[in-house]
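Everything on this sheet refers to the single structure shown next.
Hydrogens, waters and symmetry mates play no part in the numbers below; they use all other heavy atoms, side chains included. In the text below, chain A, chain B and the rest are named by the order of the sequence lines, each starting its count at 1.
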Number of protein chains: 2
Amino acid sequence: MMIDIDVLLTLGATYKKVAAGEVIYNEEGLCSFYHQLVSGSVRWVNIDDNGSEFIQNIIEPGECFGEIPLFDDGPYAASAIADTESVIIRLHKSLFHQLLAERPDIHMAFSKIMSERLRFKFVLLKELAHHDPEKTINTLLTYLKGNKKNVCTICNKVKLTRQQIANMTGLRVETVIRTMRHLHDKGELVIDKGKVYF
Amino acid sequence: MMIDIDVLLTLGATYKKVAAGEVIYNEEGLCSFYHQLVSGSVRWVNIDDNGSEFIQNIIEPGECFGEIPLFDDGPYAASAIADTESVIIRLHKSLFHQLLAERPDIHMAFSKIMSERLRFKFVLLKELAHHDPEKTINTLLTYLKGNKKNVCTICNKVKLTRQQIANMTGLRVETVIRTMRHLHDKGELVIDKGKVYF
DNA sequence: ATTTTCTTGTGATTGAAATCATATCGGGTG
DNA sequence: CACCCGATATGATTTCAATCACAAGAAAAT
């Protein structure tokens with residue numbers, strides 16, 4: 001859990017319900033709110049001219065998102081789109097800064113989150129630069145597993161569609177499918193009803 | 001300038017001189033210090049099994065580096081190597097945290113730096129995923145120019161070797177050379193004595 | 001229940017960057 | 001000054017992911 005919901009509500013944060021597929025904010029837009037996901041699923045994506053998506057992050061309940069412009073005052077670095085019907089809680093930027101000033105412990109927790117996200121980018125960037133699909137996918141899945149991100153609530157394994165893996169790595173679906181078959185043959189993962197469990 | 005040097009010295013920070021090529025700390029190593037570059041140049045790199053380097057960042061005087069593990073308590077995400085003879089100033093991790101607690105303004109400035117670095121990773125990651133060398137190089141150089149990073153002190157243009165660009169983008173030198181010749185022919189940059197000015 | 005859409009799946013072809021080879025240039029060093 | 005090394009330069013070849021084409025299964029929408 002990022003920031004306690006009661007704390008946010010006390011300061012005047014408001015709930016917002018978004019439908020599946022709804023755009024919460026757009027890349028390049030200006031930012032006036034701190035966002036935290038209460039329930040559902042939100043993906044953080046860059047969409048290019050041909051409509052293809054690069055997934056920067058898949059946000060789970062309790063996590064914040066869109067935090068970059070809260071500090072550097074630039075535009076949003078990526079769009080946020082609801083994967084499923086979701087509830088988010090929003091706090092106005094100025095109140096958010098007030099909160100950080102009053103609660104150094106929350107500010108520190110925030111710095112930790114930013115560090116973790118930066119570390120994830122370091123890892124993935126290094127891996128993408130190597131142009132080795134098998135290593136890239138393996139590193140991504142291992143990282144997610146180690147950080148309990150995008151894990152199936154029932155079986156405790158990382159659960160992503162191959163399309164999502166493709167969109168997180170810049171590889172094509174076909175390449176991901178073929179590469180994962182390799183990993184599957186080596187017994188490093190389970191494919192059940194088409195879905196990947198790592 | 002990141003943190004005022006006098007503030008650091010008052011808290012007990014110490015100077016350290018490193019020779020060109022010297023490794024300041026190694027990837028995967030544990031972190032006990034806040035690092036800030038006083039003079040010289042430091043590159044922040046991942047080195048793979050075959051010895052090829054991926055440059056995460058080229059640090060200039062006044063900037064901090066190696067800050068990720070200060071917050072998430074993991075190992076260093078990359079190695080720091082001095083490009084030229086450099087002077088760094090180091091503050092013990094515990095004292096650094098004490099400083100942040102005492103000086104919310106410094107903590108906030110730090111959050112801003114982290115945001116900017118995270119944003120840079122977002123931009124580059126999205127670009128690498130597209131597999132378009134010309135766009136990747138153009139985006140990298142435009143970003144650096146916009147943020148006045150790695151800019152020539154005399155002519156105010158971004159100044160990098162093509163090898164460095166290759167190491168920052170995961171492209172091969174030959175590809176960068178060929179691509180930049182294109183950009184040069186289009187008049188978008190200047191090549192002088194082999195060096196690139198954008 | 002049926003249509004539509006998204007995802008998986010697989011083979012054939014292509015294209016662009018990686019790789020290999022080799023040479024030259026320029027800065028720094030002993 | 002001569003030497004060396006890193007960076008630039010360029011052509012030839014290779015390789016492997018992208019692309020194309022097409023099919024079928026699963027899930028969501030109507």
Exercise for the section: Using a strict 4.0 Å threshold on nitrogen-to-oxygen distance, state whether R43(A) and D83(A) make a salt bridge. Expected result: yes
Problem - Pair K93(B) + D73(B): basic N to acidic O under 4.0 Å - result: yes
Handout entry: DNA chain D: 5'-proximal contact among Q164(B) and V173(A) (nearest heavy atom)
Key = Q164(B)
Practice task
Indicate whether OP1 or OP2 belonging to dA17(C) is found under 4.0 Å from a side-chain N or O atom of T175(B).
Solution key: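 No.
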Practice task
State whether H131(B) places a side-chain N or O below 4.0 Å from either non-bridging phosphate oxygen (OP1 or OP2) of dA17(D).
Solution key: no
Problem - Sugar-phosphate only, base, or nothing, as touched by R181(A) at under 4.0 Å among non-hydrogen atoms - result: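 Touches sugar-phosphate only.
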Practice task
With heavy atoms under 4.0 Å as the rule, sort G21(A) into base, sugar-phosphate or nothing.
Solution key: nothing
Problem - Parallel, tilted or perpendicular, as decided by the 30° and 60° cut-offs, for the rings of H107(A) and H107(B) - result: parallel
Exercise for the section: State whether the side chain of S86(B) and the backbone N or O of A82(B) hold a donor-acceptor pair below 3.5 Å, judged by distance alone. Expected result: no
Measure [atom1]/[X] against [atom2]/[N] and give the value in whole Å, please.
{"X": "I137(A)", "N": "dC16(D)", "atom1": "CD1", "atom2": "P", "answer": "16 Å"}
{"X": "D83(A)", "N": "dT5(C)", "atom1": "CG", "atom2": "C1'", "answer": "16 Å"}
{"X": "R172(B)", "N": "dT8(D)", "atom1": "CZ", "atom2": "P", "answer": "15 Å"}
{"X": "E174(A)", "N": "dC6(C)", "atom1": "CD", "atom2": "C1'", "answer": "14 Å"}
{"X": "D185(A)", "N": "dT10(C)", "atom1": "CG", "atom2": "P", "answer": "10 Å"}
{"X": "R178(A)", "N": "dC20(D)", "atom1": "CZ", "atom2": "C1'", "answer": "11 Å"}
{"X": "Q163(B)", "N": "dC5(D)", "atom1": "CD", "atom2": "P", "answer": "16 Å"}
{"X": "M180(B)", "N": "dT8(D)", "atom1": "CE", "atom2": "P", "answer": "10 Å"}

Closest to the [X] side chain, choosing from [options]:
{"X": "I177(B)", "options": "dT8(D), dA18(D), dT8(C)", "result": "dT8(D)"}
{"X": "L171(A)", "options": "dA18(D), dC20(C), dA21(D)", "result": "dA18(D)"}
{"X": "T161(A)", "options": "dT8(C), dC20(C), dA18(D)", "result": "dT8(C)"}

Practice task
Check the pair E22(A) / K17(A) against salt bridge (Lys or Arg N to Asp or Glu O under 4.0 Å), numbers first and verdict last.
Solution key: CA-CA 10 Å; E22(A) 191 174 328; K17(A) 193 172 182 171; over 6 Å; no
